[in-house]
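Bear in mind that the values here come from a model prediction, so they are computed numbers and not experimental data. Because only heavy atoms are used, hydrogens play no part in the values below, and waters and symmetry mates are left out as well, while side chains stay in. Each chain gets a letter, A, B and so on, in the order its sequence line appears, and its residues count up from 1.
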Number of protein chains: 2
Amino acid sequence: MTRDPVPDPTGDELLAVLAALGNPHRLRIVAALSEGGRNYVSRLARELRIGRPLLHMHLQRLEAAGLVTGTLELSEGGKAMKYYEVTPFSFALTPDLVAKAARTITDQEKETVKESAE
Amino acid sequence: MTRDPVPDPTGDELLAVLAALGNPHRLRIVAALSEGGRNYVSRLARELRIGRPLLHMHLQRLEAAGLVTGTLELSEGGKAMKYYEVTPFSFALTPDLVAKAARTITDQEKETVKESAE
DNA sequence: GAGATGTGTCAGTTTTCTTTGACAGGTGTT
DNA sequence: AACACCTGTCAAAGAAAACTGACACATCTC
């Protein structure tokens, strides 16, 4: 019953995850999706009592960090519904992991260009 | 060789930790202290190539989250030196932990009064 | 058609975080 | 005394995040 060893995250990855989770709303969002299972935006917004645009933004950040996944589905009626669910993740957050990850932090962090160019 | 089970952090604690580590500088600071051992502010600032006031601020945040500890010591000469070192920490960052922690988040988060009053 | 539900985005405000330069104080050495 | 090092704090500027209201567009139901 031992899991495959999870590869250490890069500095940027870890940073994205930590920054994404380091926010009350986003922490609650992950919790809600984790406990209640997949859910669609409008409903989740009601349950968490926050505005949709705001939730939308937070979900983007979480998805960018790889913590949740969104899928646009069509209900029987043909109504568009965007379902989100948590991506199983697991990090052993210790000084050691931090030390390792810190070695691979790219200063820029911005510039979506880089990858395509180079 | 099994460790004592670490108690689950409260929502606020976890939040503080994640928010504290979700920053490039602070991640590097923890890494530096973890690898190089204890160090004092001015030296650490030089090594990380950031200004002292800035480092000072980041160290505060890390200390507030319980990730590092500062000790003001007097060198033989009587010179004041503030040494910082990492506090050993370990969190199994998973959707489950997040779900548990989310239940105990205090909305306010501000107001240092609360504790004294009540 | 009107009203309820779902999707998404945008612009602008507000708030928070980050960063810097300047200042004040201390000790020890040349 | 002048210099190099240590500590700390503050205010102001700059940048990034968070938040809100309004809009546009779909589908289903009454």
Side-chain angles (χ1 to χ4, degrees), chain A residues 12 15-30 38-65 67-84 105 107-112, chain B residues 12 15-30 38-65 68-85 105 107-112:
Chain A
D12 295 333
L15 213 41
V17 168
L18 294 172
L21 290 178
N23 171 287
H25 279 160
R26 290 195 288 268
L27 208 60
R28 282 207 191 84
I29 293 171
V30 172
R38 65 206 307 273
N39 202 351
Y40 63 92
V41 186
S42 286
R43 194 145 90 90
L44 189 54
R46 281 194 295 271
E47 294 178 1
L48 295 178
R49 306 172 146 284
I50 68 179
R52 268 188 325 103
L54 184 54
L55 175 59
H56 188 269
M57 185 237 124
H58 284 311
L59 283 171
Q60 299 249 71
R61 256 175 110 50
L62 286 171
E63 187 165 30
L67 298 174
V68 304
T69 317
T71 326
L72 186 60
E73 302 179 8
L74 297 183
S75 65
E76 320 84 47
K79 214 169 190 172
M81 316 274 284
K82 186 137 196 186
Y83 278 89
Y84 275 93
I105 296 182
D107 284 331
Q108 302 82 307
E109 195 66 81
K110 324 182 174 185
E111 315 180 62
T112 320
Chain B
D12 294 332
L15 212 41
V17 168
L18 294 173
L21 290 178
N23 172 286
H25 280 159
R26 291 195 287 268
L27 209 61
R28 283 209 191 82
I29 292 170
V30 171
R38 64 208 307 275
N39 201 351
Y40 63 92
V41 186
S42 286
R43 193 144 91 89
L44 188 55
R46 281 193 296 270
E47 294 178 0
L48 295 178
R49 304 170 149 286
I50 67 179
R52 269 190 319 103
L54 184 54
L55 175 59
H56 187 269
M57 184 239 124
H58 284 311
L59 283 172
Q60 299 248 73
R61 256 174 111 47
L62 287 171
E63 186 165 32
V68 303
T69 317
T71 327
L72 186 60
E73 302 179 9
L74 297 183
S75 65
E76 320 86 44
K79 212 169 192 171
M81 316 275 282
K82 185 137 195 184
Y83 278 90
Y84 276 93
E85 60 191 319
I105 297 181
D107 285 331
Q108 301 83 307
E109 195 65 86
K110 325 182 171 183
E111 316 179 61
T112 320

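- OP1 or OP2 of D:dA18 lies within a sub-4.0 Å distance of a side-chain N or O belonging to A:Asn23.
- As rounded to whole Å, 11 Å separates atom P of C:dT27 from atom NZ of B:Lys79.
- Between B:Met81 and A:Gly78, it is B:Met81 whose nearest contact on DNA chain D lies nearer the 5' terminus.
- Between B:His25 and C:dT19, a side-chain N or O to OP1/OP2 separation shorter than 4.0 Å is present.
- A distance of 12.5 Å separates OG1 in A:Thr71 from CE in A:Met81, rounded to the nearest 0.5 Å.
- Between the CZ atom of B:Arg49 and the C1' atom of C:dT20 there is a distance of 18 Å, rounded to whole Å.
- Checking the phosphate oxygens (OP1, OP2) of D:dC5, no side-chain nitrogen or oxygen of B:Ser42 falls inside 4.0 Å.
- In this structure, CD1 of A:Ile50 is placed 12 Å from C1' of D:dT20, rounded to the nearest angstrom.
- Computed from coordinates, the B:Leu44 CG to D:dG8 P distance equals 13 Å when rounded to whole Å.
- At whole-Å resolution of the value, OH in A:Tyr83 and P in C:dT5 are 15 Å apart.
- How far NE2 of A:His58 is from CD of A:Gln60: 11.5 Å, rounded to the nearest 0.5 Å.
- For residues 51-63 of chain A, proximity to DNA chain D is found at A:Pro53, A:Leu54, A:Met57, A:His58, A:Arg61, defined as any non-hydrogen atom under 4.0 angstrom from a strand atom.
- Closest to the side chain of A:Leu72, from the set C:dT18, C:dG26, C:dT7, is C:dT7.
- A straight line from CG of A:Leu27 to P of D:dA17 spans 18 Å, rounded to a whole angstrom.
- Distance check: A:Arg28 CZ to B:Ile105 CD1 gives 4.5 Å after rounding to the nearest 0.5 Å.
- Residues passing the ring-ring contact (aromatic ring centres under 6.0 Å, His included) test with A:Tyr83, sequence neighbours excluded: A:Tyr40.
- Between A:Lys82 and C:dG8, a side-chain N or O to OP1/OP2 separation shorter than 4.0 Å is present.
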Apply side chain to side chain contact (heavy atoms under 4.5 Å, CB included) to residues A:His25 and A:Arg61 and explain how you reach the verdict.
CA-CA 11 Å; A:His25 279 160; A:Arg61 256 175 110 50; over 6 Å; no
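- Paired with B:Leu62 under the rule side-chain contact (heavy atoms from CB on, under 4.5 Å), one option of B:Val68, B:Asn23, B:Thr69 passes, and it is B:Val68.
- OP1 or OP2 of D:dC6 lies within a sub-4.0 Å distance of a side-chain N or O belonging to B:Tyr40.
- Taking CD1 of B:Ile29 as the start and CG of B:Leu44 as the end, the distance is 6.5 Å to the nearest 0.5 Å.
- Residue B:Glu76 contributes atom CD, which lies 14 Å from atom C1' of D:dC5 at whole-angstrom precision.
- Residue B:Leu15 contributes atom CG, which lies 12 Å from atom P of D:dA18 at whole-angstrom precision.
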